[in-house]
Asker: 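Sharing a structure below in structure tokens format, with a few things to ask.
Values below: every heavy atom of this structure, side chains too, minus hydrogens, waters and symmetry copies.
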Amino acid sequence: MFEEPEWAEEAPVVADLGSVALRPRTTADSQIKVSKHRQLLATLRALEAASLPQQPPSLPGSDEEDEEEVVQRKKKRPKKVLFASTSPEVKKKRKKKRQKQGPPSSDSKEEEVEKKKCHKGALLGNDFAAEEKRKRKCQKHDPSNPAQPLDNVDQTGSKAWNSSAANDSTKPSPETPCCNPPHTLSRKQWRNRQKNKRRQKNKFRLPQAPQQAPATAAAEETEVPPAPSPDSHGARAEALRARMAQRLDGARFRYLNEQLYSGPSSAAQRLFQEDPEAFLLYHRGFQSQVKKWPLQPVDRIARDLHQRPASLVVADFGCGDCRLASSIRNPVHCFDLASLDPRVTVCDMAQVPLEDESVDVAVFCLSLMGTNIRDFLEEANRVLKPGGLLKVAEVSSRFEDVRTFLGAVTKLGFKVISKDLTNSHFFLFDFQKTGPPRVGPNAQLSGLKLQPCLYKRR
């Protein structure tokens, strides 16, 4: 072996070896030259190994400093191709360092997962939002956290780590920092690296029992919906019958309503006399329609009569179920085509059994039905006292021209006191009797022809 070799003295030797290789030589000379060449190569390798910086053995408390030095060294080293070949000396140092550090702790694994996510965001996300998200995650991650002490590591885990390190000493491990970190990775390379890391991480996990999922699936398959009970069939049949009866009642109500508006009151009276249940059906359908209104007109009329003396006699034309008579203290004569209450007098409203000028207030609450409205108003004029009050409430959609209607009523011996057209469903008018009708029975009053209130099929 040479002592303190100099590069200046070795250069001629290399040149002589090259020149000797070009001349013809014998077998003994060639063996001598080969041995000298091997000695020279060994000397060069020893010099190369001696020129590498010697690293002192790492102490347990200097893990943080070693990691900082590794980061600084990575920045200074030139960037090379991924998975570059390393020298055997570097591999031995890596193996010793892995044996000293032991298996990775749970904290270090979490840190690696965070690093993977940050690196994935840098590779795949080129837009501004992905870059901001990667920065926030990298800020949360602190690479300077010291590793977990070796005292807390399980013996089985350390044995598995040592065995895996011994088996993988010939190839670079994905969990250890590579001496030549890559600058950029393709998508395929990044996926392969992630697969290798997951495989290495799953080596230390306990196997899970795979029989739980099939058991739950079998339990779900065995669950059978309960058979329908006879009570449910009966309830369904009852509900179906109720719906059909409701539709039938609605159809009959629309038919009766059309008959009442399209014919005179005498025809309607004969209809209800022949079929007493028809009036009950009509009244039930009528009440179901009026209940949807925000304010019922009979309640408004009762509120107005409460402000007047209780001694006033009231005649209710088309009383229905006598709701007005039940709401006020005044004496009330109730008239309608059929009876739903003992207080009702069944008659044609064009001919009520009252004497002339015998009542103080006459009320038509949604009862100006039929084609002979003029007969109703003339009968009200007959039974009212001079200066008596006539109150009319009708559906707003029946009036084409309110002014012509008011003009026709004034010709029958009334004058308008007040009118309320603010409600969206009905109009309310107050008239005062001034005397007998001013026109003959043959005079035409077109303003009294109101539109029929017909209900559409729902």
Asker: Give the intermediate values and the outcome of side chain to side chain contact (heavy atoms under 4.5 Å, CB included) for residues Phe431 and Leu406.
Answerer: CA-CA 9 Å; Phe431 302 92; Leu406 297 178; 3.6 Å; yes
Asker: Is Ser367 reaching over with its side chain to a backbone N or O of Phe364, donor-acceptor style, under 3.5 angstrom?
Answerer: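 Absent.
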Asker: Calculate, to the nearest 0.5 Å, the distance between atoms CD and CE belonging to Gln259 and Met369 respectively.
Answerer: 11.0 Å
Asker: Using side chain to side chain contact (heavy atoms under 4.5 Å, CB included), reason through Leu448 and Val409 one step at a time and then give a plain yes or no.
Answerer: CA-CA 8 Å; Leu448 296 179; Val409 175; 4.1 Å; yes
Asker: Is a side-chain N or O of His306 found less than 3.5 angstrom from the main chain of Ser327, in a donor-acceptor match?
Answerer: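 Between the backbone of Ser327 and the side chain of His306 there is a qualifying donor-acceptor contact (under 3.5 Å).
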Asker: Using only atom types and a distance under 3.5 Å, with no angle test, would you say the side chain of Arg382 pairs donor to acceptor with the backbone of Leu354?
Answerer: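 Checked: pair present.
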Asker: Can a donor-acceptor pair be found, under 3.5 Å and without considering hydrogens, that links the side chain of Asn423 to the backbone of Gln296?
Answerer: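 Answer holds: no.
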Asker: Would a distance-only check, ignoring hydrogens and angles, find a side-chain to backbone donor-acceptor pair under 3.5 Å from Asn381 to Leu412?
Answerer: yes
Asker: I need the Cys347 SG to Asp336 CG distance, nearest 0.5 Å.
Answerer: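 Here the rounded value is 8.5 Å.
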Asker: Walk me through it: do Gln351 and Asp375 pass the test side chain to side chain contact (heavy atoms under 4.5 Å, CB included)?
Answerer: CA-CA 9 Å; Gln351 297 175 357; Asp375 297 338; over 6 Å; no
Asker: Any Lys/Arg nitrogen of Arg308 or Asp360 sitting under 4.0 Å from an Asp/Glu carboxylate oxygen of the other?
Answerer: no
Asker: Could you grab the distance from atom CD of Glu394 to atom CG of Leu428, nearest 0.5 Å is fine?
Answerer: 11.0 Å
Asker: Dump the intermediate steps for ring-ring contact (aromatic ring centres under 6.0 Å, His included) on Phe399 and Phe429, then the final yes or no.
Answerer: CA-CA 13 Å; Phe399 296 93; Phe429 307 98; 5.6 Å; yes
Asker: Under 3.5 Å, is there a donor-acceptor pair between the side chain of Asp321 and the main chain of Asp341?
Answerer: no
Asker: Verify, without hydrogens or angle tests, whether Asn192 (side chain) and Lys188 (backbone) share a donor-acceptor contact under 3.5 angstrom.
Answerer: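 At least one qualifying donor-acceptor pair exists.
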Asker: May I ask you to decide whether Asp299 forms a salt bridge with Arg303, counting only side-chain N to carboxylate O separations under 4.0 Å?
Answerer: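 Between Arg303 and Asp299 there is no salt bridge, as every charged N stays at least 4.0 Å from the carboxylate O atoms.
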Asker: Counting only N and O atoms by type, is there a donor-acceptor contact under 3.5 Å from the side chain of Asp316 to the main-chain atoms of Cys334?
Answerer: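 Looks like no, no N/O pair under 3.5 Å.
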Asker: Checking side chain to side chain contact (heavy atoms under 4.5 Å, CB included) for the pair Phe286/Leu256: CA distance, chi angles, key distance, verdict?
Answerer: CA-CA 11 Å; Phe286 175 78; Leu256 293 172; over 6 Å; no
Asker: Looking only at atom types and distance, does a side-chain atom of Arg398 sit under 3.5 Å from a main-chain N or O of Gln451, one as donor and one as acceptor?
Answerer: yes
